[in-house]
Amino acid sequence: MPRKDLLDIASLDREEIEHLLDQSAPFKDLFTRSVKKVPALKGKSVLMLFYEPSTRTHSSFEVAAKRLSADVTNFDVAQSSITKGESVRETIETLQAMRTDYVIVRHKASGLPGTIARLTRASVINAGDGAHAHPTQALLDAFTIKEKFPEPAGRKVLIVGDILHSRVARSTCTILKKLDVEVAYLGPGSLVPKQGADKVRRFTNYNEAMAWNPDIVYLLRVQMERQDVQYFPSLREYHKLYGITDARLEEIRKRGIYIMHPGPVNRGVELCDAVMDYERSLINDQVENGIAARMAVLYWLKPGGV
Amino acid sequence: MPRKDLLDIASLDREEIEHLLDQSAPFKDLFTRSVKKVPALKGKSVLMLFYEPSTRTHSSFEVAAKRLSADVTNFDVAQSSITKGESVRETIETLQAMRTDYVIVRHKASGLPGTIARLTRASVINAGDGAHAHPTQALLDAFTIKEKFPEPAGRKVLIVGDILHSRVARSTCTILKKLDVEVAYLGPGSLVPKQGADKVRRFTNYNEAMAWNPDIVYLLRVQMERQDVQYFPSLREYHKLYGITDARLEEIRKRGIYIMHPGPVNRGVELCDAVMDYERSLINDQVENGIAARMAVLYWLKPGGV
Amino acid sequence: MPRKDLLDIASLDREEIEHLLDQSAPFKDLFTRSVKKVPALKGKSVLMLFYEPSTRTHSSFEVAAKRLSADVTNFDVAQSSITKGESVRETIETLQAMRTDYVIVRHKASGLPGTIARLTRASVINAGDGAHAHPTQALLDAFTIKEKFPEPAGRKVLIVGDILHSRVARSTCTILKKLDVEVAYLGPGSLVPKQGADKVRRFTNYNEAMAWNPDIVYLLRVQMERQDVQYFPSLREYHKLYGITDARLEEIRKRGIYIMHPGPVNRGVELCDAVMDYERSLINDQVENGIAARMAVLYWLKPGGV
């Protein structure tokens with residue numbers, strides 16, 4: 001049964017996740033055709049509400065919506081009175097009154113997409129809210145992993161970086177565990193949350209983490225513009241301690257390990273230049289799969305009665 | 001007979017206004033359908049020329065045009081050479097040469113849309129020019145009022161705020177008088193023009209204005225970024241003197257008076273938070289009706305011979 | 001045989017140029033119809049990648065793509081991590097992964113569109129790269145000239161201004177010579193490259209240049225924001241030495257000479273106000289023809305196998 005909103009991965013059950021991953025594949029097949037478009041959402045309107053800029057996620061959703069033949073309107077909050085103190089509630093009521101079918105929202109406040117979802121008939125898709133969730137990133141990541149490991153249960157994914165502040169880590173870890181993938185974290189002690197009920201293994205040392213034998217190393221982006229920098233001794237030091245250096249890439253290649261990264265990459269920080277040519281880098285697959293996964297989500301959700 | 005341009009309300013006769021209001025209703029009905037789109041303007045191009053930013057009006061026109069299946073292009077004047085001193089005439093000739101069918105223009109200079117209209121074959125819609133006119137706001141306001149009062153003649157609308165500098169006040173007052181609605185103004189003496197030939201009543205005291213027995217109180221937005229602030233003792237004082245306070249809302253509720261506002265609202269200034277939940281607030285109706293009224297305008301206008 | 005990319009004029013042979021010019025005419029005819037759109041590129045996606053802002057060129061390509069029924073997505077590099085140091089290579093891989101069919105790129109670095117073209121399956125159109133090339137400008141210029149001179153061979157075009165730094169001068173001169181049009185340059189000695197193998201005549205004096213008897217005077221835009229200003233004594237002086245003054249316009253009118261300019265015009269610098277009303281000014285024709293020529297290019301190119 002389709003849902004109205006996609007706010008996080010935690011509230012989806014395994015069957016729903018499998019359905020969305022299965023649905024992503026035919027949309028991806030579409031991209032190899034001359035006409036990459038289907039009329040599925042013809043006459044539907046999608047409103048982009050990005051309080052935080054993000055060229056890639058914005059473009060990915062926009063292309064996904066257009067390939068479903070929806071009409072996309074950008075609600076330009078940067079220049080909006082929203083930033084001059086308009087209340088979120090009033091913005092929501094405006095969206096509601098515009099009778100848009102889908103709202104795609106990114107905001108630095110955790111939980112805001114959920115607030116919008118409760119107050120509007122439109123289907124709300126969370127495109128990243130604070131450190132809380134980024135569910136379409138999780139879906140595209142899981143879809144990318146399933147392309148390589150059709151039966152992912154028991155596979156091992158090592159997530160590296162600032163786990164504490166990362167909505168990507170949170171959402172992707174959640175989806176992987178629902179698929180019975182084993183997950184471990186590697187990062188500075190101050191940026192990896194203490195082990196709790198989730199039973200995710202923690203490493204603070206690269207060699208120990210690699211001794212765990214991961215199938216995939218998933219590098220988080222260092223958010224230079226956010227809080228990360230204060231926790232690191234230096235970017236050079238970060239690269240040396242947690243990054244994929246040339247030497248480490250050699251070993252990774254020998255062991256046949258895949259590399260993932262949500263993009264955009266800070267080269268020389270999370271990874272060295274040579275990773276760009278590494279045959280088991282899935283970074284570009286993630287970009288392409290992002291459009292397919294978002295099409296599957298848009299196609300699956302059911303906007304509320306009008 | 002359709003016109004080429006919509007520059008102000010004053011130049012429309014009553015029959016034309018009634019026609020546009022009647023035409024707005026079926027477009028609004030469309031919004032409750034699954035497919036909110038009609039092919040009426042398929043193959044037509046709409047160019048947005050906003051010299052002043054306005055997220056809401058811009059989005060409203062954009063959604064209206066797309067629901068008519070027109071193609072919308074944003075002429076990004078903010079980053080244009082226009083701002084580097086390109087003459088308006090050259091911009092107009094460029095639009096003309098691009099063979100766009102509709103130009104939707106907002107500018108701080110009164111009369112600029114009229115200049116553009118004279119020099120181009122395209123249909124020009126004034127989306128607000130200085131303190132002069134904002135005709136689609138007037139149409140959506142009148143349409144909203146007619147939904148509540150199908151025979152509006154003789155009804156009373158009290159417009160509150162900075163009348164002097166407000167194109168909304170000017171346009172909405174004009175349309176209401178053409179529909180034989182009684183209009184009165186309430187505001188600080190310095191911001192309400194002296195009574196002239198228009199026979200609109202003036203109040204400077206809230207209680208006196210309410211003793212006039214309005215059916216609707218229409219609150220203008222305090223333009224914090226413009227000239228208004230200098231005329232007010234303070235925002236708190238403004239709220240106390242002319243705003244809908246909690247106490248006043250109680251009385252308004254008892255008397256069954258409707259509240260309107262062009263948005264976005266400055267809460268705690270024009271009105272208190274509780275107005276957002278007031279069952280006779282028409283503020284969200286205005287947003288939805290804005291799209292319908294603009295569709296009616298786009299559908300009605302006839303671009304010049306090509 | 002169609003090509004994948006349009007990077008410059010130099011690599012097109014005469015037959016290809018003639019084909020593109022011939023194809024522009026029926027697209028232009030389309031603009032006089034009520035529906036200015038054809039379904040030729042329905043289902044194709046066009047990505048706009050403008051590292052340098054340009055309202056006119058951006059709008060022209062956008063309108064051209066939409067009139068071919070393509071979907072247009074703006075990759076907002078201004079707010080992108082690209083500007084925060086993302087490598088061009090990573091951006092290209094992202095575009096590639098998005099499976100866009102066409103990329104329209106403007107960048108200050110000469111040769112960047114060629115780099116993108118080599119690394120992606122998408123058709124790449126150079127919308128201006130540094131001082132290197134602006135091939136669609138050349139095509140629209142040649143198309144505009146052929147409308148007046150269907151057999152342009154032997155006609156004379158005088159290009160005036162900063163030849164040295166102008167991609168417009170370079171591309172337009174190249175196409176004209178391929179069409180056997182005679183070209184000469186007029187400008188300050190420091191801004192006109194020394195005569196080389198191209199056999200283009202050089203003038204530094206207006207009267208001498210006019211004694212050469214041009215059919216068309218093509219004025220380059222003075223790039224106030226770029227390097228030009230330092231080479232000129234003053235804008236007033238530039239106008240006096242190389243601009244179309246009122247007195248010179250009189251002579252030009254008597255001799256029936258056409259005037260062209262790529263826009264936007266600096267009035268009082270390259271030309272006096274009266275040129276705007278000059279019956280043989282082709283400046284607005286160039287704008288309209290720009291859309292037609294770009295439609296012809298988009299229609300002709302063949303994106304790489306997917």
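Note that this is a predicted model, so its numbers are computed, not measured. Chain naming here is simple, since letters A, B, ... match the order of the sequence lines and numbering starts at 1 in each.
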Study note, to complete from the structure: Heaviest contributor of heavy-atom pairs below 4.5 Å to chain A, chosen from B:Val72, B:Asp277, B:Val63, B:Ile283, is B:Asp277

Exercise for review: Could you tell me which of B:Asn289, B:Val287, B:Asn74, B:Asn284 has the largest number of non-hydrogen atom pairs under 4.5 Å with chain A?
Suggested key: B:Asn284

Check your understanding: So which residues of residues 268-276 of chain B are in contact with chain A at a heavy-atom cut-off of under 4.5 Å?
Key -> B:Met276

Exercise for review: Indicate yes or no: at least one non-hydrogen side-chain atom of B:Arg67 is less than 4.5 angstrom from one of A:Ser45.
Suggested key: yes

Review point. In Å, rounded to the nearest 0.5 Å, how long is the span from CG of A:Asp141 to CG of A:Asp285?
Key: 11.5 Å

Exercise for review: Check the angle between the aromatic planes of B:Tyr299 and B:Phe27 and answer parallel, tilted or perpendicular using the 30° and 60° thresholds.
Suggested key: perpendicular

Revision key, fill the gap. OG1 of B:Thr136 to CD1 of B:Ile291, rounded to nearest 0.5 Å, is 12.0 Å

Check your understanding: How far apart are the closest heavy atoms of A:Thr73 and B:Lys66, and which atoms are they?
Key -> OG1-NZ, 3.9 Å

Practice item. Mind checking the OG1-CG spacing from B:Thr91 to B:Leu49? Nearest 0.5 Å is all I need. Key: 7.0 Å

Study note, to complete from the structure: Which of B:Leu140, B:Ile216, B:Leu282 passes side-chain contact (heavy atoms from CB on, under 4.5 Å) with B:Ile145? It is B:Ile216

